[in-house]
Each structure stands twice: as C-alpha cells, then as structure tokens.
Participant: 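Below is one structure. I have some questions about it.
Keep in mind it's a predicted model, so treat the numbers as computed, not measured. A note on names: the letters A, B, ... follow the listed sequences, proteins ahead of strands, and every chain is numbered from 1.
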There are 2 protein chains.
Amino acid sequence: IQDKQLTDITVEDIMISSEKVAHVQLNNPLEHALLVLVKSGYSAVPVLDTSYKLVGTIGKTMILNEILGIERFEIEKLSEKRVYEIMDKEVPRLSKEDQFMDGLKMTINYPFVCVADEKGYFDGILTRRAILKQINRDYYQ
Amino acid sequence: IQDKQLTDITVEDIMISSEKVAHVQLNNPLEHALLVLVKSGYSAVPVLDTSYKLVGTIGKTMILNEILGIERFEIEKLSEKRVYEIMDKEVPRLSKEDQFMDGLKMTINYPFVCVADEKGYFDGILTRRAILKQINRDYYQ
Ligand SMILES: Nc1ncnc2c1ncn2[C@@H]1O[C@@H]2COP(=O)(O)O[C@H]3[C@@H](O)[C@H](n4cnc5c(N)ncnc54)O[C@@H]3COP(=O)(O)O[C@H]2[C@H]1O
Ligand SMILES: Nc1ncnc2c1ncn2[C@@H]1O[C@@H]2COP(=O)(O)O[C@H]3[C@@H](O)[C@H](n4cnc5c(N)ncnc54)O[C@@H]3COP(=O)(O)O[C@H]2[C@H]1O
C-alpha cells in the first residue's frame, strides 16, 4: 500500500476490519454501552444487530446527554434505557470498493466512517488517522 | 488561503483561534468540566490557568475513568475532584508560525493540537477537520 498512488487505494486497503472494531449491540442497556466506551477508550463506536448488520453509532456524548437531568447526572437511567433508543441511526457509510478520495471527503466531517456491504453487513471502519497517515506518506514520495 | 499552496500555509491560517475554543480552568471541579464537555458536545478541550496559559487537556474519557468504581459510576467524585488532579499535562503543541506539514504530522495521532506562544499563552487549536478540509481543496486544484 505504501507505494500505491492515492488514486489506486481503496477503503478496504486502509480500513480497520470488523474483528478489530469495538462495538455494541442495539439491545444493550446504556450502562453496558458506557462501560464498553470507557474501557475501550473510544468516544463513539458502531452499533450492530444480532446478525452483525450495521444499524447505528453511539457515543459518550449521546449517553451523557441522555442522563443529564436538571440538577444532576441521573445515573439510574443507564440501566433503564437501551442503545437502540438513543443511538444515531443516520450512519454515513462507505463500501470496501470505494476510493481513497471518497474516504477523505467523508472524514472531513466524521472522525470515523462505517464500511458495510450492499446488504448492510458490517465490514469495518475508516478512521481519520488512517487517512492522515496515508496522506503524510504520499507527501514524502 | 484557498489559493495558497500547502507549503505556504501556516498553523495560524487554519487554526480555530482561542476566543472560539471551549476550555476549562485547572481549578474547576470535575462536575463543571463534565458539564462544559457535555453541553459543548466536545470529547476533549484545553485546560488553561487564570492567566490563559495552556496547562493541559481534559476529556470525557479521563473524567469517566476517574469515577468508574468497582460496582458503579461514583458520581459524587465529580464534586470532590478538580481538573488539575486528572488532566493530561503532556500537551503536544505547535506555534502559530509552524507549517501546515507540521500540523499534518501531529494530527495523525491527535484529534486536535493546541497552539501556544513561547511563553505558553494559548492561541488556539488546530483540528483534524481543518487539515482534511485543506487537503481536500488542494486535490481539486
Ligand atoms: N486505544 C488507542 N490507541 C491509540 N490511539 C488512540 C486510541 N484511542 C484513541 N486514539 C487516538 O485518538 C483519536 C480519537 O479517538 P476517538 O475515540 O475520539 O475516536 C475514534 C473512535 O470513535 C473510532 N475508533 C477508532 N478505532 C476504533 C476501534 N478499534 N473500534 C471502535 N471504534 C474505533 O474512530 C474514531 C477515530 O479514530 P482515530 O484512530 O482516527 O483517532 C483516534 C486515535 O488517533
Ligand atoms: N459542535 C460541532 N459542530 C460541528 N461538528 C462537530 C461539532 N462537534 C464535533 N464535531 C465534529 O466531530 C469531530 C470530533 O469532535 P470531538 O469533540 O470528538 O473532538 C474535537 C474536540 O475535542 C476539539 N475541538 C474542536 N473544536 C473545538 C472548539 N471550538 N473548542 C474546543 N475544542 C474543540 O478538537 C477535536 C477535533 O475536532 P474536529 O473539528 O477535527 O472534529 C470534530 C467535528 O468534525
């Protein structure tokens, strides 16, 4: 990949593939989702259904917003609510065959973009870090 | 800036200047810091001292890690602890006069890089979004 031109690189070449991506299931209680996020250290991760199809994304901001009451953080809500109730269902996505340049465009506004096939099965994520690393390499050639 | 070559662009040209950057003070209780983070929507922000010098960064992950006890999130700790006790003091930084390419290098590993002068006064932040936007423009010229 190092020696490929940016115009020859596909999303699949530089994405983090699904088995290495931390995720949660849409049925998990928020408490579980928040634990996954805090322990993995990631601010947001993909949400999958039981057949590993991509259904949304969820992050610390969304969860904390949900439990922020008038006077305090209402921590009990974490066990009352589920991921599907508050996840972001509008997930911008790419396919493995898409071009590096499509990835560059999308990561302008999203720290990571989910990669899925036409049926919606989750393939991985394309991160800003992967894009920036490749661009940095490209400049020194 | 649109028509400048990437090699002519400085950090100052594309950074978000200090007055537009959400931040917290090192003496704030964690509760205040978490509220600033949740309301602004940002996952991490700079920490300044009372003379507006850059002293660190703090994020939701660090705060949540701090209050995650064995059995539950110990929400009372938010009012007991202060920002300076848990902030990240190792802040990679750039100066306004630095080159675009220095910014590109640093944002490979950091979503944002703080900009400060030689005395440590906070000037602004350089974000991955600013870098990616500029690169995207550069490719279409
Ligand atoms: N454990 C770790 N080791 C080394 N560096 C770490 C790290 N956790 C975070 N970082 C650094 O912080 C950046 C922002 O992470 P964040 O969790 O906010 O935002 C992440 C997270 O929401 C998601 N992400 C990245 N890798 C993931 C994974 N393996 N599983 C699930 N989500 C992931 O994609 C976003 C952008 O990731 P990106 O790599 O561009 O950018 C990452 C990376 O540069
Ligand atoms: N209110 C909003 N409006 C529109 N888009 C928003 C937004 N909040 C977040 N985003 C989008 O989400 C990305 C990640 O934000 P995050 O808060 O994790 O990570 C942010 C945050 O930690 C910090 N940051 C950005 N702008 C800031 C500001 N004005 N004050 C303080 N910190 C800021 O720099 C990181 C990277 O920012 P970047 O712009 O590259 O990337 C942002 C941006 O693309």
Participant: Quick one: of A:N65, A:V38, A:L78, who has the most non-hydrogen atom pairs under 4.5 Å with chain B?
Facilitator: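 Of the options given, most contacts go to A:V38.
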Participant: Please identify, among A:T127, A:L37, A:I75, the residue contributing the most non-hydrogen atom pairs under 4.5 Å to chain B.
Facilitator: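 So the answer, after comparing A:T127, A:L37, A:I75, is A:I75.
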Participant: Top residue by heavy-atom pair count (under 4.5 Å) with chain A, among B:L6, B:I108, B:L64?
Facilitator: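 The residue among B:L6, B:I108, B:L64 with the greatest pair count is B:I108.
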Participant: When you compare the side chain of A:I131 with that of A:F100, does any pair of heavy atoms fall below 4.5 Å?
Facilitator: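 Yes - at least one pair of side-chain heavy atoms lies under 4.5 Å apart.
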Participant: Can you give me the closest heavy-atom contact between B:K89 and B:Y84, atom names plus distance?
Facilitator: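 Heavy atoms only, the tightest pair is NZ-O, 4.0 Å.
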Participant: Applying the side chain to side chain contact (heavy atoms under 4.5 Å, CB included) test to A:V11, which of A:D102, A:V115, A:V113 qualifies?
Facilitator: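 When A:D102, A:V115, A:V113 are each tested with A:V11, the side chain to side chain contact (heavy atoms under 4.5 Å, CB included) holds only for A:V115.
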Participant: Report the option among B:L132, B:T107, B:T61, B:L68 that has the most heavy-atom pairs separated by less than 4.5 Å from atoms of chain A.
Facilitator: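 Among the listed options, the one with the most contacts to chain A is B:L132.
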Participant: Taking atom types as modelled, is there a side-chain donor on B:E97 or B:S95 under 3.5 Å from an acceptor on the other?
Facilitator: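 Side chains of B:E97 and B:S95: pair found under 3.5 Å.
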Participant: Under a 4.5 Å heavy-atom cut-off, does chain B meet the side chain of A:S43, its backbone, both or neither?
Facilitator: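 Answer is side chain: those atoms of A:S43 sit under 4.5 Å from chain B.
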Participant: For the interface with chain A, which of B:M62, B:K133, B:K39, B:K60 has the highest count of heavy-atom pairs at distances below 4.5 Å?
Facilitator: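 If we count pairs closer than 4.5 Å to chain A, B:K60 comes out on top.
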Participant: Can you spot which of A:T57, A:V55, A:I63 makes a side chain to side chain contact (heavy atoms under 4.5 Å, CB included) with A:M87?
Facilitator: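 With A:M87 as partner, side chain to side chain contact (heavy atoms under 4.5 Å, CB included) holds for just one option, A:V55.
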